[in-house]
Amino acid sequence: AGRAYGAKLDGTDEVCYVSGGDAGCAQGEFHEALNFATIHKSPVLFHVEDNGYGISTPASQERAQPVEQWVKGYNNLGVYACDGLDLFASYEAFKKAHKHASGGKGPAIVVSHVVRLWGHSSSDNRKLYMTDEQIAEEQAKDPNKKLRDWIIENGLAEDDELVALEEQVKAEIDDAADRADAKPHPDPADGPLNVFYEGDNPLQDGSGDVTEPGSTGEKVPMIEAINHALHEEFERDEHLVCWGQDVQDGKGGVFGATK
């Protein structure tokens with residue numbers, strides 16, 4: 001949301017993309033981002049991949065309504081839900097969302113309803129919280145198979161052509177994996193490299209002269225010095241933005257640091 005606001009201030013035609021799962025929508029950061037983006041009509045496209053689970057926690061224990069209904073309380077937000085298992089429905093939803101966000105109307109959100117064909121991670125056993133019937137039902141919705149069937153039905157390719165393509169892609173992936181496995185492991189001694197400055201440092205090794213800090217001019221309180229420094233930086237760099245609560249409108253915060 002912040003990057004999109006910067007793009008808006010710079011006058012570019014960028015639309016920033018951010019994605020996450022439906023369980024993340026229960027986190028405060030999600031709503032803070034929506035709130036900020038809708039206030040400033042920032043060109044950001046939020047994408048929620050809703051598979052109905054937060055690892056093993058079902059959606060019914062995460063929220064009381066669908067995500068697309070939940071977010072409709074935000075003004076200026078374009079809301080587009082779609083069947084994420086359908087390539088063409090997804091394309092149409094994203095096209096509309098991009099048009100909304102790039103047109104200066106505010107941010108947009110696409111909620112793709114999908115399935116999770118495997119566990120959340122290699123250590124996540126779905127059989128501990130899903131029945132065999134539920135797992136089979138989700139596997140039957142595999143979008144790859146759905147698109148494959150559509151391609152054949154519409155005469156874009158024959159089954160044997162797709163099989164050959166799949167085998168070719170698998171061979172390329174296997175080859176890349178084999179080449180990666182064949183690479184030597186990194187030397188543990190190289191771990192500290194490129195972490196700190198590695199050139200000569202006279203101040204660090206004691207060979208250089210250390211100049212005591214000094215000051216000139218009129219002494220001022222710390223808050224006033226901070227204010228002066230901010231003014232200098234804002235005059236130097238036109239891309240700076242001072243953002244926060246109670247920092248504007250002539251007051252400059254409780255202590256006047258940003259006035």
Side-chain angles (χ1 to χ4, degrees), residues 1-21 24-48 70-71 73-79 94 97-110 190-259:
R3 180 65 189 90
Y5 182 47
K8 179 179 179 179
L9 293 178
D10 285 339
T12 71
D13 60 354
E14 294 179 33
V15 172
C16 296
Y17 172 85
V18 59
S19 65
C25 298
Q27 301 295 318
E29 292 91 340
F30 173 73
H31 293 278
E32 289 172 13
L34 286 177
N35 186 53
F36 181 87
T38 51
I39 288 172
H40 299 287
K41 293 186 177 180
S42 300
V44 55
L45 197 164
F46 297 94
H47 181 206
V48 177
W70 197 3
V71 299
Y74 292 98
N75 288 340
N76 306 320
L77 179 65
V79 182
F94 274 96
H98 183 271
K99 182 178 180 180
H100 179 96
S102 63
K105 296 180 179 180
I109 184 169
V110 173
D190 294 338
L193 296 180
N194 302 312
V195 177
F196 301 105
Y197 175 70
E198 296 167 8
D200 295 333
N201 191 339
L203 296 181
Q204 190 176 47
D205 61 26
S207 62
D209 295 328
V210 178
T211 303
E212 291 293 329
S215 61
T216 59
E218 178 185 358
K219 290 186 177 182
V220 296
M222 177 65 75
I223 291 296
E224 192 172 338
I226 292 172
N227 182 261
H228 291 172
L230 286 174
H231 274 268
E232 290 177 6
E233 282 302 297
F234 273 79
E235 290 172 1
R236 184 186 65 82
D237 187 350
E238 62 179 11
H239 291 94
L240 289 179
V241 175
C242 183
W243 180 81
Q245 188 177 44
D246 194 35
V247 297
Q248 60 192 71
D249 298 330
K251 179 182 178 183
V254 176
F255 301 104
T258 57
K259 65 182 179 181

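All residue numbers in this chain count up from 1 along the given sequence.
Looking at residues two or more places apart in sequence or on another chain, you find a salt bridge (charged side-chain N to carboxylate O under 4.0 Å, His left out) between E233 and R236. For Y5, the ring-ring contact (aromatic ring centres under 6.0 Å, His included) criterion is met by F36, H40, not counting sequence neighbours. Remark: D237 engages no residue in a salt bridge (charged side-chain N to carboxylate O under 4.0 Å, His left out) (not counting sequence neighbours). Annotation: side chain to side chain contact (heavy atoms under 4.5 Å, CB included) contacts of N75 (sequence neighbours excluded): none. Partners of K99 by salt bridge (charged side-chain N to carboxylate O under 4.0 Å, His left out), not counting sequence neighbours: none found. Considering only residues two or more places apart in sequence or on other chains, H231 meets the ring-ring contact (aromatic ring centres under 6.0 Å, His included) condition with none of them.
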Verdict with supporting geometry, V71 and F30, side chain to side chain contact (heavy atoms under 4.5 Å, CB included)
CA-CA 10 Å; V71 299; F30 173 73; 4.1 Å; yes

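Enclosure of atom CD in E198 by more than 12 non-hydrogen atoms of other residues, nucleotides or ligands within 6.0 angstrom is indicated.
The two residues A33 and A1 make their nearest non-hydrogen contact at O-CB, 3.8 Å.
Between D246 atom CG and F255 atom CZ the span is 10.5 Å, to the nearest 0.5 Å. Atoms NZ and CG, on K259 and L230 in that order, are 12.5 Å from each other to the nearest 0.5 Å.
The backbone N or O of Y74 lies less than 3.5 Å from no partner atom in the side chain of T38, so there is not a single donor-acceptor pair.
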